[in-house]
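First comes the structure, then the notes that go with it.
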Protein chains: 2
Amino acid sequence: MTNAISYTEENYLKAIFSLTLKSKKGASTNDIAKRLETKASSVTDMIKKLAEKGLVDYKKYQGTNLTSEGREVAVGTVRKHRLWEVFLVEKLGFGWDEVHDIAEQLEHIRSKELTVRLDDFLGNPKYDPHGDPIPDKEGNIALHKEVMLEDLKTEDKAVVVGVKDSSTEFLQYLEQTGLVLGAEIEVKEIIAFDKSVSISINKAGAQTVSNLVSKNIYIKKI
Amino acid sequence: MTNAISYTEENYLKAIFSLTLKSKKGASTNDIAKRLETKASSVTDMIKKLAEKGLVDYKKYQGTNLTSEGREVAVGTVRKHRLWEVFLVEKLGFGWDEVHDIAEQLEHIRSKELTVRLDDFLGNPKYDPHGDPIPDKEGNIALHKEVMLEDLKTEDKAVVVGVKDSSTEFLQYLEQTGLVLGAEIEVKEIIAFDKSVSISINKAGAQTVSNLVSKNIYIKKI
DNA sequence: TATTATTTTTAGGCTTGTCTAAAAATATTC
DNA sequence: GAATATTTTTAGACAAGCCTAAAAATAATA
Ligand SMILES: [Mn+2]
Ligand SMILES: [Mn+2]
Ligand SMILES: [Mn+2]
Ligand SMILES: [Mn+2]
């Protein structure tokens with residue numbers, strides 16, 4: 001047990017992973033603190049420990065990046081998180097807005113064999129209930145094609161393939177609006193004033209969603 | 001979060017629960033330490049904390065008993081442990097000798113809704129893969145009828161309904177011997193010298209098992 | 001560029017859960 | 001029943017993770 005990785009460390013690595021996914025700059029101490037709802041000073045402490053263990057690259061005041069070993073741990077945790085989310089929704093019948101907090105716990109269960117068997121039991125899914133890609137056993141992870149609902153023009157047609165914001169409130173709003181994964185949408189009108197957009201969902205009557213909504217929905221044009 | 005119960009506390013409560021199941025004496029500090037593979041001094045510290053929280057009754061040097069609140073937590077944890085074991089064996093195809101350590105982690109996942117749904121998903125099982133009774137939602141738990149293989153007389157017939165020792169080594173031995181849950185046995189001969197017993201399993205040829213084995217197998221006469 | 005403002009780190013301290021070594025209480029044995 | 005053995009508790013310390021307050025570094029602004 002010289003080098004066991006704690007739940008807390010896994011959560012830090014996962015936060016750094018997602019914060020550095022897009023930007024090539026290191027994750028800032030403040031951003032990590034915000035993400036984990038903790039204080040900057042706590043983050044500095046932990047970063048030092050992770051650097052000591054060879055899981056992150058860190059130079060004072062310069063932001064933090066994962067080493068390949070750190071990335072491996074982070075991706076493994078993300079893989080487990082998303083597989084468990086699939087289990088909770090597909091097998092236990094939870095709503096997509098109810099599974100995050102439980103998966104946040106389940107992702108820390110330590111057993112390679114369990115992950116393999118769970119993956120098989122679920123039919124080796126490629127996406128989680130929010131449309132996020134599930135890393136494979138080797139840690140390869142598909143990147144989200146960065147097309148959002150807000151990028152569409154009038155008369156464009158598309159399918160909802162994911163959500164950027166996975167908060168309960170947002171997911172419940174989408175559920176009730178009908179903007180769930182797989183929904184077909186057509187853009188009827190874009191209101192220049194506030195960038196809100198009028199769309200029809202599954203060929204039903206038009207409804208309007210704000211830009212805050214349209215910029216948080218991944219779509220694929222058809 | 002004034003009164004959240006930690007994983008560690010849950011493990012202590014569970015240990016005290018199982019140690020006090022049969023004997024009406026409180027669990028001794030040393031026994032708890034042995035069970036949890038920790039030191040007596042650590043146990044004393046923790047017992048004090050649990051007493052403070054109203055989860056155990058404790059008087060110095062007198063041994064420890066659960067309060068009704070402590071029992072509730074312990075039984076809830078046992079319930080989750082055993083439900084997860086059923087999941088691992090029935091749904092993921094693990095062997096009965098492989099599931100204990102994983103369930104030891106899964107039992108700490110906090111979500112009432114999860115437990116309810118898991119129970120339903122599994123078909124509300126009454127026993128875990130080792131024949132141990134699963135407490136119901138209200139915390140009622142069937143007691144093992146205390147009939148062991150060693151209690152049988154020559155020519156008695158019985159079915160294996162559980163194991164007292166759930167160690168990997170013992171379970172693997174039973175697997176290979178054919179003494180799994182549901183196996184029908186008939187006692188052919190009891191060797192007085194060392195209390196070993198010759199039995200036929202599922203009507204096959206006789207084989208001999210030691211008293212250490214026969215005293216760790218729960219049976220039901222037929 | 002000098003002055004603010006913000007970010008990050010350090011200093012010091014707290015809680016949880018663990019340990020070893022020693023003291024105190026209880027049990028056992030002669 | 002006194003001496004010895006065992007069990008249990010206390011004393012003091014440590015690592016992990018967290019905090020607040022203050023200092024140091026960097027970024028933004030005038
Ligand atoms: Mn987590
Ligand atoms: Mn997700
Ligand atoms: Mn446990
Ligand atoms: Mn069991």
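Note on naming: letters A, B, ... go to the chains in the order of the sequence lines (proteins, then strands), and numbering restarts at 1 for each one. These numbers were taken from a predicted model, which means no experiment stands behind them.
- The separation between Tyr7(B) atom OH and dG17(D) atom P is 14 Å, rounded to whole Å.
- As rounded to whole Å, 9 Å separates atom P of dT16(C) from atom CE of Met46(B).
- Tyr58(A) has no side-chain polar atom (N or O) that falls below the 4.0 Å cut-off from OP1 or OP2 of dT8(C).
- If you measure from atom CD1 of Ile5(A) to atom C1' of dG17(D), you get 16 Å, rounded to the nearest angstrom.
- Side-chain proximity of Tyr61(B) to dT8(C), dC19(C), dT8(D): nearest is dT8(D).
- Note on Thr8(B): only backbone sugar-phosphate atoms sit closer than 4.0 angstrom, heavy atoms only; bases stay farther off.
- Residue order along DNA chain D, read from the 5' end via each residue's closest nucleotide, puts Lys34(B) first among Thr38(A) and Lys34(B).
- Comparing Ala40(B) and Glu9(A), the nucleotide of DNA chain D nearest to each residue sits closer to the 5' end for Ala40(B).
- Taking atom CG of residue Leu50(B) and atom C1' of nucleotide dG17(C), one finds them 12 Å apart after rounding to whole Å.
- Between dA25(C) and Lys60(B), no contact under 4.0 Å exists linking OP1 or OP2 to a side-chain N or O.
- Here the P atom of nucleotide dT9(D) and the CD atom of Gln62(B) are 9 Å apart, to the nearest Å.
- Checking dC19(D), dT9(C), dT18(C) against every side-chain atom of Tyr12(B), the shortest atom distance belongs to dT18(C).
- When the nearest nucleotides of DNA chain C are assigned to Lys48(A) and Asp45(B) by heavy-atom distance, the more 5′-ward of the two goes with Lys48(A).
- Here the rule is side chain to side chain contact (heavy atoms under 4.5 Å, CB included) with Leu55(A), and of Ile47(A), Ile5(A), Leu66(A) only Ile5(A) fits it.
- Asn30(B) approaches Ala40(B) most closely through the heavy-atom pair OD1-CB, 3.8 Å.
- Judged by distance alone with a 3.5 Å cut-off, a donor-acceptor contact links the side chain of Ser41(B) to the base of dT20(C).
- The separation between Glu52(A) atom CD and dA16(D) atom C1' is 14 Å, rounded to whole Å.
- Side-chain atoms of Arg82(B) never come within 3.5 Å of backbone atoms of Pro135(B) as a donor-acceptor pair (strictly under, hydrogens ignored).
- Nucleotide dT8(D) holds its P atom 16 Å from the NZ atom of Lys59(B), rounded to whole Å.
- Gln105(A) and Trp84(A) form no side-chain donor-acceptor contact under 3.5 Å, judged by distance and modelled atom types alone.
- Closest to the side chain of Thr44(A), from the set dA16(D), dT8(C), dC18(D), is dT8(C).
- Within the 4.0 Å cut-off from OP1 or OP2 of dG17(C), at least one side-chain nitrogen or oxygen of Ser6(B) is found.
- Rounded to whole Å, the distance from CG on Asn30(A) to P on dT6(C) is 12 Å.
- Side-chain atoms of Arg117(A) come within 3.5 Å of backbone atoms of Leu92(B) as a donor-acceptor pair (strictly under, hydrogens ignored).
- OP1 and OP2 of dG17(D) both lie 4.0 Å or more from every side-chain N or O belonging to Lys39(A).
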